[in-house]
Participant: 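Below you will find the structure I want to go over with you.
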Amino acid sequence: MMKNIKHNLDIGSAEFSANGDLGISQIVLQLRELRLTSLESRKRRDKPPKLPSRKVLQGVVDGLAAALFPNRLGLPDLKDEGIDYFVGHTLDVVLRELLAQVKLELDFAADTRSQLEQKQSSNDTIKTPVETVREFVKQLPAVRVLLDTDIKAAYEGDPAARSIDEVLVCYPGILATIHYRLAHVLHGLGLPLIARMISEIAHSATGIDIHPGAVIDESFFIDHGTGVVIGETAIIGKHVRIYQAVTLGAKRFPTDEEGNLIKGNARHPIVEDDVVIYAGATVLGRITIGRGSAIGGNVWLTHSVPEGSNITQAQMLAAPLDARPHHTNVGNENKSTQEISQHH
């Protein structure tokens, strides 16, 4: 087989020589000119920006997850007496790598900060990379506490789950939530680029897109997960369960006088405690889903609903677009005809 490969390579080299130059040198020059023109348009011709590495951040997150859950996500032959050493060594390695990435983002932000960001951060005290990473490390125990509640919620909320351990190592919703919990802390420490990159790593792996700016309380469970989208300014309460293909998105994107999108305004839903949102539901705008509500599959919802509501697709289709929201309070006489079944 190796002889055949070498023979084919020799034939390819001979054909390349016989047919002459493929024009690579010319393409290199054209790409160089385009690259320099792009840098010039952004006033960076003499200082191309260096960005954090997605590949490095993947390793950082894997290491942090192993430090948080060493018995399940750490080394396979880890013994009890070596756990603390493993956790300490792992943190030492990955936090040094994270520090290098933090330096890159802070340098990049200092060079590229927009006028809006300058106004927002003009009164902020700028932390050094070391101070920022130190603040991040302090919050790791709190992240572990939150993740424990998420894992427990997944186990208790899914009859197919056989154990807590299965949930941790198998469920894509938990993988995405681990990335989100870590990214959210980094986002709050003024590292939106690194945070977004970590969230997008999980998005690529699971199909679950959680913006690191979203605020999500304890005992959060995404079942199945593929196609879930949670926007930047969404606020989610305790004990919320979401199924696949759910969108918590923006209804519209307001612009300023010059037609530019207004950044940072609250435009995503508020989901209160003990809410269930079933597969395919789309919830848009700065609306509130009241505590204990159930939003049925494939519902398109753009208005607030009070606590204890059961919203079904049939209700939404039957009501005029400009009608007042129709809801059924949990516990009333009509609940039995509108109860939403749970599927696994």
Side-chain angles (χ1 to χ4, degrees), residues 150 153-161 167 170-177 180 202-203 206-211 214 216-217 219-231 234-251 267-344:
D150 300 327
Y155 174 67
E156 293 178 347
D158 184 1
V167 168
C170 295
Y171 279 40
I174 294 301
L175 177 62
T177 303
Y180 159 76
H203 185 193
T206 66
I208 298 170
D209 182 3
I210 309 176
H211 194 286
I216 304 177
D217 213 324
S219 301
F220 178 60
F221 174 35
I222 301 175
D223 200 357
H224 307 298
T226 305
V228 166
V229 177
I230 300 174
I235 299 175
I236 298 176
K238 298 178 177 66
H239 303 283
V240 170
R241 186 163 77 247
I242 292 177
Y243 288 81
Q244 68 271 21
V246 165
T247 297
L248 302 180
K251 183 178 180 181
R267 60 197 181 278
H268 299 103
I270 298 171
V271 180
E272 295 184 344
D273 298 349
D274 303 307
V275 168
V276 181
I277 306 179
Y278 288 94
T282 299
V283 184
L284 301 180
R286 193 57 163 188
I287 63 175
T288 299
I289 308 302
R291 178 183 182 131
S293 294
I295 309 302
N298 298 316
V299 163
W300 178 279
L301 187 61
T302 58
H303 58 71
S304 297
V305 298
E307 65 177 75
S309 297
N310 275 349
I311 306 299
T312 68
Q313 187 181 28
Q315 293 171 358
M316 303 304 292
L317 293 174
L321 292 178
D322 59 350
R324 292 173 61 85
H326 174 73
H327 69 275
T328 302
N329 289 331
V330 173
N332 74 10
E333 59 186 6
N334 295 323
K335 181 188 174 188
S336 61
T337 63
Q338 297 180 358
E339 191 65 57
I340 304 169
S341 299
Q342 178 174 339
H343 298 283
H344 289 279

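As a basis for the values below, the full set of heavy atoms in this structure was taken, side chains included, without hydrogen atoms, waters or symmetry mates.
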Participant: Supply the atom-to-atom distance Leu248 CG to Ile287 CD1, rounded to the nearest 0.5 angstrom.
Facilitator: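 Rounded to the nearest 0.5 Å, the CG-CD1 separation comes to 9.0 Å.
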Participant: Start with the C-alpha distance between Tyr171 and Ile222, add both sets of side-chain angles, then the distance that settles side-chain contact (heavy atoms from CB on, under 4.5 Å), and finish with yes or no.
Facilitator: CA-CA 9 Å; Tyr171 279 40; Ile222 301 175; over 6 Å; no
Participant: With side chain to side chain donor-acceptor pair (under 3.5 Å) as the test, pick out the partner of Lys238 among Asp273, Asp217, Asp274.
Facilitator: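 Answer to the side chain to side chain donor-acceptor pair (under 3.5 Å) test with Lys238 among Asp273, Asp217, Asp274: Asp217.
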Participant: What I'd like to find out is whether the side chain of Asp150 reaches to under 4.5 Å of the side chain of Ile216, using heavy atoms alone.
Facilitator: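 No - every pair of side-chain heavy atoms lies 4.5 Å or more apart.
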Participant: Strictly distance-based, threshold 3.5 Å: is any side-chain N or O of Glu307 a donor or acceptor partner for the main-chain N or O of Arg291?
Facilitator: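 No, Glu307 side chain to Arg291 backbone: no donor-acceptor pair under 3.5 Å.
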Participant: State the OG1-CZ distance between Thr177 and Phe221, to the nearest 0.5 angstrom.
Facilitator: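 Thr177 OG1 to Phe221 CZ: 9.5 Å, rounded to 0.5 Å.
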Participant: May I have all residue pairs that pass salt bridge (charged side-chain N to carboxylate O under 4.0 Å, His left out) and include part of residues 292-302, sequence neighbours excluded?
Facilitator: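 Counting only pairs at least two positions apart or across chains, no salt bridge (charged side-chain N to carboxylate O under 4.0 Å, His left out) contact touches residues 292-302.
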Participant: Is the backbone N or O of Ala214 less than 3.5 Å from a side-chain atom of Tyr180, with the two atoms forming a donor-acceptor pair by type?
Facilitator: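 Checking the backbone N and O of Ala214 against the side chain of Tyr180, a donor-acceptor pair under 3.5 Å is found.
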Participant: Hey, are the side chains of Val167 and Asp158 touching, using non-hydrogen atoms and a 4.5 Å cut-off?
Facilitator: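 Side-chain contact under 4.5 Å: no.
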Participant: What I'd like to find out is whether the side chain of Tyr243 reaches to under 4.5 Å of the side chain of Val276, using heavy atoms alone.
Facilitator: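 Yes. Closest side-chain heavy atoms under 4.5 Å.
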Participant: For Thr206 and Ile208, indicate whether the former's side chain and the latter's backbone hold a donor-acceptor pair under 3.5 Å.
Facilitator: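 Yes.
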Participant: Between His211 and Ile230, is any pair of side-chain heavy atoms under 4.5 Å apart?
Facilitator: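 No, every pair of side-chain atoms sits at 4.5 Å or beyond.
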Participant: I need the single residue from Thr302, Thr288, Ile236, Val283 that forms a side-chain contact (heavy atoms from CB on, under 4.5 Å) with Pro269. Which is it?
Facilitator: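 Exactly one candidate clears the test, Val283.
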Participant: Taking only residues two or more places apart in sequence, or in another chain, which ones meet Val299 in a side-chain contact (heavy atoms from CB on, under 4.5 Å)?
Facilitator: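 Ile295, Leu301, Ile311, Gln313, Met316.
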Participant: Taking only residues two or more places apart in sequence or in another chain, which ones pass ring pair (Phe, Tyr, Trp, His ring centres under 6.0 Å) with Phe220?
Facilitator: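 Ring pair (Phe, Tyr, Trp, His ring centres under 6.0 Å) check on Phe220 returns nothing, list empty.
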Participant: Has Ser293 got a side-chain atom pairing as donor or acceptor with Ser309's backbone, closer than 3.5 angstrom?
Facilitator: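 A pair under 3.5 Å: yes.
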